[in-house]
Amino acid sequence: MTSVKMFREESIEDVIDGYSYERIESISKFLLDRTKQRPEIGIICGTGMGGLADMLEDKEIFPYKDIPDFPVSTVPGHSGRLVFGNLNGKSIICMQGRFHVYEGYSVWKCAMPVRVMKLIGVKTLIVTNAAGGLNRNFTVGDIMFIKDHINFPGFGGDNPLRGRNDDRWGPRFPPMSNAYDLGLRQLARTVAKELNLEKYLQEGVYCMLGGPSYETVSEMMALTLLGADAVGMSTAHEVIAARHCGIRVFGMSLITNICVMEHDSEKPLANHEEVMETGNRRRKDLEKLVTGIIMKLDTV
Ligand SMILES: O=P(O)(O)O[C@@H]1C[C@H](O)[C@@H](CO)O1
């Protein structure tokens, strides 16, 4: 496939409008014209979790650089490909690599692929991420089902819905108190039990920060006081965009490292290599879990 990507500077219209409905429609049409898949399930792979896309059968792969008007991935552990395929007969679209604000993209641009998924026909989104464990009961390798998030950048107005609202997506003021679907979480719990993964299972609140620096000790303590169980640099903006346009969401964090909340500690510092290594090590269980959830989706 030849590269058709053109780099666009962010204009003032972009800042107000984000991507227009028509602009996103043309991206989804580009994809629908080139794939036979019509997925109703979307997956976003967190750092080191790209294996979730590799397990699809009959893959049709679109590197981001070949999709007109699409951003490109710049982070190790994010391949930068949109992968269509089947999982036990179900059609799936998977982002093998997501966009982060710290890469220099606007928050609405990071969330834009979720709207592409919406126009492609996605009804359920499975969002995964790597996160640092703040909760003292967590250990590295735990899987936390997300029951809620704290969108920290949103406190300062940095929300993917900032700018003109297009009602074709959803309302100006969407509720977020039910962002993470209870039925999907209950289903995931059942699947985890069947797979004997209960010992790794946690449920909690994910807090998104902008990154890319990891948190100071005082910041981690403050997040704990706010009620966060895990901290990361993604997800919240994607979930807001998904809920705004009526996609239901299941989210899970892989606890890739434990936040060290002592000043002047000699314990190892957070680092991206450990994050990717944990993702790789827990890959098989995450794949089994996601497959099990997808197989039972029709029941909720
Ligand atoms: O894309 P996710 O949120 O899974 O990635 C996390 C946050 C940073 O991008 C990176 C830090 O190691 O992992």
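Note that ligands are numbered from 1 as they come in the structure, with each ligand's atoms numbered from 1 the same way. Predicted model, so just to flag it, every value in this text is computed and none were measured.
- Note on ring orientation: taking the six-membered ring where Trp is involved, the planes of Trp108 and Tyr19 are perpendicular (angle over 60°, cut-offs 30° and 60°).
- The backbone N or O of Val72 lies less than 3.5 Å from a partner atom in the side chain of Tyr105, making a donor-acceptor pair.
- For ligand 1, the 4.0 Å heavy-atom shell takes in Gly46, Thr47, His78, Arg98, His100, Tyr102, Asn129, Ala130, Tyr214, Met233, Ser234, His272, Val275, ordered by chain and residue number.
- Looking at every heavy atom in both residues, Asn86 comes nearest to Ser91 through OD1-CA, 3.8 Å.
- Below 30°, between 30° and 60°, or above 60°: for His149 and Tyr180 the angle between ring planes is above 60°, a perpendicular geometry.
- Residue pairs that meet the ring-ring contact (aromatic ring centres under 6.0 Å, His included) test with at least one member in residues 231-272, sequence neighbours left out, are Phe145-Phe250.
- The backbone N or O of Arg189 sits nowhere less than 3.5 Å from a side-chain atom of Arg185 that would complete a donor-acceptor pair.
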